[in-house]
Amino acid sequence: MLKISNTLTGKKEPFRSRGTAGKIKKVGMYVCGITVYDRCHLGHARSAVVFDVIRRYLEYKKYKVRYVKNFTDVDDKIILRAHKEGRLWIEVAETYIQAYHEDMARLGVPPADVEPRATEYIPEMIGLIQTLIKKKVAYVIDGNVYYRVKQFNGYGKLSKRDTEDLLAGARVEVDERKEDPLDFALWKASKPGEPTWESPWGPGRPGWHIECSAMSMALLGQTFDIHGGGKDLIFPHHENEIAQSEGATGKPFARYWVHNGFVNVNQEKMSKSLGNFFTIQEIFEKSPWPEAVTAEVLRYFLVSTQYRSPIDFSDEALKSAKAGLDNFYRMFQKLDEPVATASLPRGRKLRVALKAFPKRFEAAMDDDFNTALAVSEMQQLRAAVNAVLDQGLSRPLSQAVQKLFRKHGAVLGLFSFSIGQWTRTKETGTAISAADVEQRLKERDDARHRKDWARADAIREQLADAGIILEDRPDGTTRIRR
RNA sequence: GGCGGCGUACCCAAGUGGCUAAGGGAGCAGUCUGCAAAACUGCGAUUCGGCGGUUCAAUCCCGCCCGCCGCCUCCA
C-alpha cells in the first residue's frame, strides 16, 4: 500500500486515489511549474525529477495518471525582464518556455500530459473570481480584486500558520486599499505598458495564485488527488490556492499535498537572490560527460536522497553519483558478454534475490517514494549478481537480470543506456577508433603469449591514457572498457 | 518574533522502542591475477549533536539546550 506524506495533515497517509472508474484507478496530479522569466536551475530540476518519478511509480502501480504542470507566463518578473530587454513580455515568456522544454529534454523528463499556460485560462480565472465576489470572500477596489482572508476559516491549514502570527510577522508593505493586510490580490488593475485583459472590473491581469486554482480545477476537477511543488510554495502560494478554490467551491481542493525539499549549495538553499545557483544548462555544459550520461548522473544524484530532505549539490556529489552508476553499467557489460562455460547454472541465491527484489523495491517506493532505499535495494541485488557473475550466467538468467534492472531502473529514470552509449566519451572526435583498439589489443595478446610483460603493460597504459581500460579475464581474453 | 524541518561513520544516505544501526562512494587488508583492473571477502559508528525524563528497554517517544537550515516578500 502506497503511503504519501501529506503536508496538509502533516502525516504519512495511505494513498487512495479518488477516481476509481471501473477497474482503472485514476490519479489527477497538478504540479506548480515555473515562472518563465529566466533559465531553470538545479532546484527546478529536482522538482521536475521528483514529480516525474512519482508519476512513473504511479504508472508502474497501474494507475492511470493525468499529470498537469503549468507555466506562469504573466507575472511581475516577466514584465520587468521585458522592460529591461526592450522586448514584449510575451516574447520573454516564450523564450523561457522553450528553454524549459530544452532543459527537460536534456534531463530526460518527459512533458506532463497537459502543460497549460496561465494566459490560456483567463476566462476561467475571471469566472472563479466572480464566484468569490458573489460569495463575499472577495471584494473590488479601484479595478483590483482582493481575497478576504479572514472570511475563509481554513486559512493557514496547509502551512500551519494562524492569521494572528502572520500579522505579527508581516514584513510586506501593506497596500493601503486592502481591508486587511493579509488579503491578497486576485486581479490587478493594469498599469500602462502591462499585459491586459478585459474583465468585469476593468482592464487588468490576474494575481499569481488564481491561475493554479483555475487551471487545476478546469483540467482535473474541483477535487483532485495530488498537488505538488517545492517546499517554498507552501506559503503563501498553496495556502492561497486552497483559500481561493475551497472558498469558491465549498469542496476540498487537493487531497494530498506533496512538497519536495530544496537543493542546497554549502548547506544553503540554491536561489537567485543568493546567487549560488547553477542553471541546468551550465551543469550540462561544464560536465565532463556526454549530455545523456550527465542526465542520468543527475538523476542518480537526485534519487539517492528522499525527496523531502534537502540535498547538497557539489562536484564531489556528482562524481560519487557517477561512480555509483558506473558500477551498475560494469555489471551490465559483463551480463552482455557471451558465457564461456556451458555448464554451471549456479545461482540459487541469485534466483531468490531476483524473486524477492520487486517486492523490496515496491516496499521502498510505497513508503513515501523512498527512492534512496529503492536504489540501495538495487545495489544489493547488484552485489548478488556480481557474486556469481564470474562463473557465468546462463543466457536466459542473464537476460532476466538485465530486464529486472532496466524495468525498475526506468521508474527512477536510470539504466536507460546500452553499455556502448554509457561509455561514450564527450569528445568523440579524439577517441581511438574501434579498429585501432582491436589492433593494439592483438599486439598486446601476442606480447602476453610471449610473456613480454613490459610490452603488454605499455600497450595497456597507452590505451588507458586514451580512456580505454583493459581487463584481463581468467580465460585469457580481455574485456574492453571505456 | 511566529511556524516548520534537520543534526546517523571520512563523504553521501536509509532506518527502527528491544534482534548484527541498511546500502553506496572513498580508504585499508585479503582472495584472484604475470602485473593490473574488475569482482568477491574482511575491516571501519560499543554508537545515532548534548543533557535529562518516560520505559524492563530509546538513536527512535517527551522536555530542555547547542548547532544548522527553510518559510513568514518573489522563489522548485
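The sequence lines fix the lettering, A, B, ..., with proteins before strands; numbering per chain opens at 1.
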(message) If we ignore hydrogens and angles and just use 3.5 Å, is the side chain of A:D73 paired with the main-chain N or O of A:V36 as donor and acceptor?
(response) no
(request) Round to the nearest Å and state the distance from A:R481 atom CZ to B:A39 atom P. (result) 8 Å
(request) Find which nucleotide of RNA chain B each of A:D457 and A:M270 is nearest to by heavy atoms, and output the residue with the more 5' nucleotide. (result) A:D457
(request) Using the P atom on both, measure B:A22 against B:G15 and round to a whole Å. (result) 14 Å
(request) Indicate, with a heavy-atom threshold strictly under 4.0 Å, whether A:G33 touches base, sugar-phosphate, or nothing. (result) sugar-phosphate
(request) Using the C1' atom as the reference point in each nucleotide, state the distance between B:G24 and B:C68 in Å, no decimals. (result) 25 Å
(request) Take nucleotides 5-16 of chain B nucleotide by nucleotide from the 5' end and write B, S or -, depending on whether a protein heavy atom sits under 4.0 Å from the base, only from the sugar-phosphate, or from neither. (result) ------S-SSS-
(request) Give the stems involving RNA chain B, where a stem is 3 or more consecutive Watson-Crick or G-U wobble pairs (i with j, i+1 with j-1, and so on) under 3.5 Å. (result) B:1-7 with B:66-72, B:10-12 with B:23-25, B:27-31 with B:39-43, B:49-53 with B:61-65
(request) Decide whether A:E13 and A:N6 meet the rule of one side-chain donor and one side-chain acceptor closer than 3.5 Å. (result) yes
(request) Rounded to whole angstrom, note down the P distance from B:G30 over to B:A37. (result) 13 Å
(message) Atom NZ of residue position A:K319 - does it have more than 12 heavy atoms of other residues, nucleotides or ligands inside 6.0 Å?
(response) no
(message) Could you walk me through whether A:K322 and A:D326 satisfy the salt bridge (charged side-chain N to carboxylate O under 4.0 Å, His left out) test, starting with their C-alpha distance in whole Å, then the side-chain angles of each, then the deciding distance to 0.1 Å, before giving a yes or no?
(response) CA-CA 6 Å; A:K322 174 65 161 57; A:D326 279 337; 3.0 Å; yes
(message) Under 4.0 Å, counting only non-hydrogen atoms across every strand here, what does A:R330 touch: a base, just sugar-phosphate, or nothing?
(response) sugar-phosphate
(request) By nearest nucleotide on RNA chain B, pick out whichever of A:K160 and A:Q379 is the more 5' one. (result) A:K160
(message) Please give the distance between the C1' atoms of B:U41 and B:C32 as a whole number of Å.
(response) 11 Å
(message) Can you tell me if A:N266 touches the phosphate of B:C69, counting only side-chain N or O atoms and a distance under 4.0 Å to OP1 or OP2?
(response) no
(request) Could you give the distance separating B:C35 and B:G25 at their C1' atoms, to the nearest angstrom? (result) 26 Å
(message) Taking any heavy-atom pair under 4.0 Å as a contact, classify A:S159: base, sugar-phosphate, or nothing.
(response) sugar-phosphate
(message) Applying a 4.0 Å non-hydrogen cut-off, can you work out what A:H259 is touching in the nucleic acid: base, sugar-phosphate, or nothing?
(response) nothing
(message) At 4.0 Å (heavy atoms only), tell me whether A:F262 reaches a base, stays on the sugar-phosphate, or touches nothing.
(response) base
(request) For nucleotides B:G63 and B:A45, find the distance between their P atoms and express it as a whole number of Å. (result) 32 Å
(message) Please report the distance, rounded to the nearest Å, between CG in A:D390 and C1' in B:U33.
(response) 12 Å
(request) Without swapping roles, check the side chain of A:E471 against the backbone of A:R481 for a donor-acceptor pair under 3.5 Å. (result) no
(message) When the C1' atoms of B:A76 and B:A57 are compared, how many Å lie between them, rounded to an integer?
(response) 43 Å
(request) Between B:G53 and B:A58, how far apart are the P atoms? Round to whole Å, please. (result) 11 Å
